[in-house]
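These notes concern the structure reproduced below.
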2 protein chains.
Amino acid sequence: MGITRKTKAVKKLLSLFEPTVSAILAVDLIAQLKEEMNKTTVYRILDRLENEGIIHSFVGSDGLKWYAKCTGCSSNNHNDIHPHFQCTNCKKVTCLPVEIKIPIVENYTIENAAVFLVGKCNECSS
Amino acid sequence: MGITRKTKAVKKLLSLFEPTVSAILAVDLIAQLKEEMNKTTVYRILDRLENEGIIHSFVGSDGLKWYAKCTGCSSNNHNDIHPHFQCTNCKKVTCLPVEIKIPIVENYTIENAAVFLVGKCNECSS
DNA sequence: TATTTTACTGCAACAAAGTTGCGTTAAGCT
DNA sequence: AGCTTAACGCAACTTTGTTGCAGTAAAATA
């Protein structure tokens, strides 16, 4: 197991999630941190932070991995199912603070749901 | 543009979608057809069939691409939003014939939704 | 049916995202 | 300061998917 240490790399990476409510592509994080740390390190820190419930990840419609800061998640309780939204114009991805109603389907016991919405955000549709 | 020809390869690939309602991983199709055709061919046929509205694709929670046969889609009208379900036990992915209610979110104009559900199917939960 | 057109296929090489092994570094403890 | 061990960097690798080009085979035309 082991306890996550607050190294320079971890602090730096976490700081990138602060000033925004948007999700960030893992690939973009790696590009942005190119001079400061190795891509392996980025992936490993993201893994650890996710396991501790500090951030959460999801896969976009192109198969790329996104990360965003959790609001009210912990390592035990990580199942707040909220949809993610991507604007077709500015490409930004945001977590929507909306409760998703999981449909009840006969013959299927649904335990989790990943909802990825696509459309136009307010700034791009005006 | 060009019109899709019904070549041997196309017929063979399409036949794999017949006997099942389940979705198929692109990677699995390639493995299954290894002796009969090149992986480039598989990807290209899948692309064409999707453009024509004969099959549709989506990305699973692991980032891999799935394909399934459409029921009631055409090249013009491809927007029947139905959820996809993966059983955590048998790993099968199926299209659920359920209408998804897209939530109305302020400041966001939602045009499309990808819903990926995870849980237990009937055969695996009994 | 022979010819011509053009969509389709195979191959090899490539691209990009993400992983693994291992030797080294540095955080946190006493 | 010294010790333990988590964390890091590097290089090499794996996997999925793409691209360019030369050759093949459908389908259209005559």
Side-chain angles (χ1 to χ4, degrees), chain A residues 1-17 23-68 75 84 86 91 93 114 116, chain B residues 1-17 23-68 75 84 86 91 93 114 116:
Chain A
M1 268 260 191
I3 306 145
T4 297
R5 292 176 174 171
K6 289 205 176 171
T7 61
K8 284 181 186 174
V10 172
K11 286 177 191 167
K12 172 68 188 182
L13 215 163
L14 263 179
S15 75
L16 296 179
F17 285 100
I24 313 178
L25 264 177
V27 173
D28 286 349
L29 280 171
I30 290 161
Q32 198 174 339
L33 296 168
K34 202 172 197 171
E35 307 296 323
E36 305 181 50
M37 67 186 87
N38 193 271
K39 73 169 176 177
T40 312
T41 304
V42 175
Y43 280 119
R44 285 196 277 227
I45 291 177
L46 289 172
D47 264 10
R48 295 202 307 264
L49 291 176
E50 184 171 24
N51 284 334
E52 293 175 11
I54 296 168
I55 59 176
H56 64 277
S57 74
F58 53 94
V59 174
S61 46
D62 48 3
L64 296 186
K65 212 162 188 188
W66 294 82
Y67 283 89
S75 47
H84 295 99
Q86 180 164 38
K91 308 297 179 191
V93 172
F116 196 84
Chain B
M1 269 261 187
I3 306 144
T4 297
R5 290 177 175 172
K6 289 204 175 169
T7 61
K8 283 182 188 173
V10 171
K11 285 177 191 167
K12 174 67 188 181
L13 216 162
L14 263 178
S15 76
L16 297 179
F17 286 99
I24 313 178
L25 264 177
V27 173
D28 286 350
L29 280 171
I30 289 162
Q32 199 174 337
L33 296 169
K34 202 172 197 171
E35 307 297 323
E36 304 182 52
M37 66 186 89
N38 192 270
K39 73 169 174 176
T40 312
T41 303
V42 175
Y43 279 119
R44 285 196 278 226
I45 292 177
L46 290 172
D47 264 9
R48 296 200 307 263
L49 291 176
E50 184 172 24
N51 284 334
E52 293 176 11
I54 296 167
I55 58 176
H56 64 278
S57 74
F58 53 95
V59 175
S61 46
D62 48 3
L64 296 186
K65 212 161 187 187
W66 294 82
Y67 284 88
S75 47
H84 295 98
Q86 181 164 39
K91 308 297 179 190
V93 172
F116 196 84

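Keep in mind that this is a model prediction, so the values were computed, not measured. A, B, ... follow the sequence lines: proteins, then strands. Residue 1 opens every chain. We use all heavy atoms of the structure for the numbers below, so side chains are in, but hydrogens, waters and symmetry mates are not.
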Nearest-neighbour nucleotide for the B:T7 side chain, C:dT9, C:dA27, C:dA17 considered | C:dT9
Of the listed nucleotides D:dG17, D:dG9, C:dT9, the one nearest the side chain of B:V27 = D:dG17
Just say parallel, tilted or perpendicular for the rings of A:F58 and A:F116, cut-offs at 30° and 60°.
-> tilted
Grab the [atom1]-[atom2] distance between [X] and [N] for me, whole Å please.
X	N	atom1	atom2	result
B:D28	D:dT16	CG	C1'	13 Å
B:M37	D:dT24	CE	C1'	15 Å
A:L46	C:dA17	CG	C1'	13 Å
A:R5	D:dC8	CZ	C1'	12 Å
A:R44	C:dC22	CZ	P	13 Å
B:L49	C:dT9	CG	C1'	15 Å
A:N38	D:dA12	CG	C1'	12 Å
B:Y43	C:dG10	OH	C1'	16 Å

Any chance you could lay out the side-chain contact (heavy atoms from CB on, under 4.5 Å) test for B:L16 and B:L33, step after step, and finish with the verdict?
-> CA-CA 10 Å; B:L16 297 179; B:L33 296 169; 3.9 Å; yes
Check whether any side-chain heavy atom of A:R5 sits under 4.5 Å from a side-chain heavy atom of A:V10, and report yes or no.
-> no
Do the non-hydrogen side-chain atoms of B:V42 and B:L13 ever get within less than 4.5 Å of each other?
-> yes
Which is true for [X] with a 4.0 Å heavy-atom rule: it touches a base, it touches only sugar-phosphate, or it touches nothing?
X	value
A:R48	sugar-phosphate
A:K65	sugar-phosphate
A:T40	base
B:K39	base
A:I30	nothing

Specify the residue among A:T41 and B:K8 whose closest nucleotide of DNA chain D lies further upstream toward the 5′ end.
-> A:T41
Please confirm whether the backbone N or O of A:S57 pairs with a side-chain atom of A:E50, one donor and one acceptor, at under 3.5 Å?
-> yes
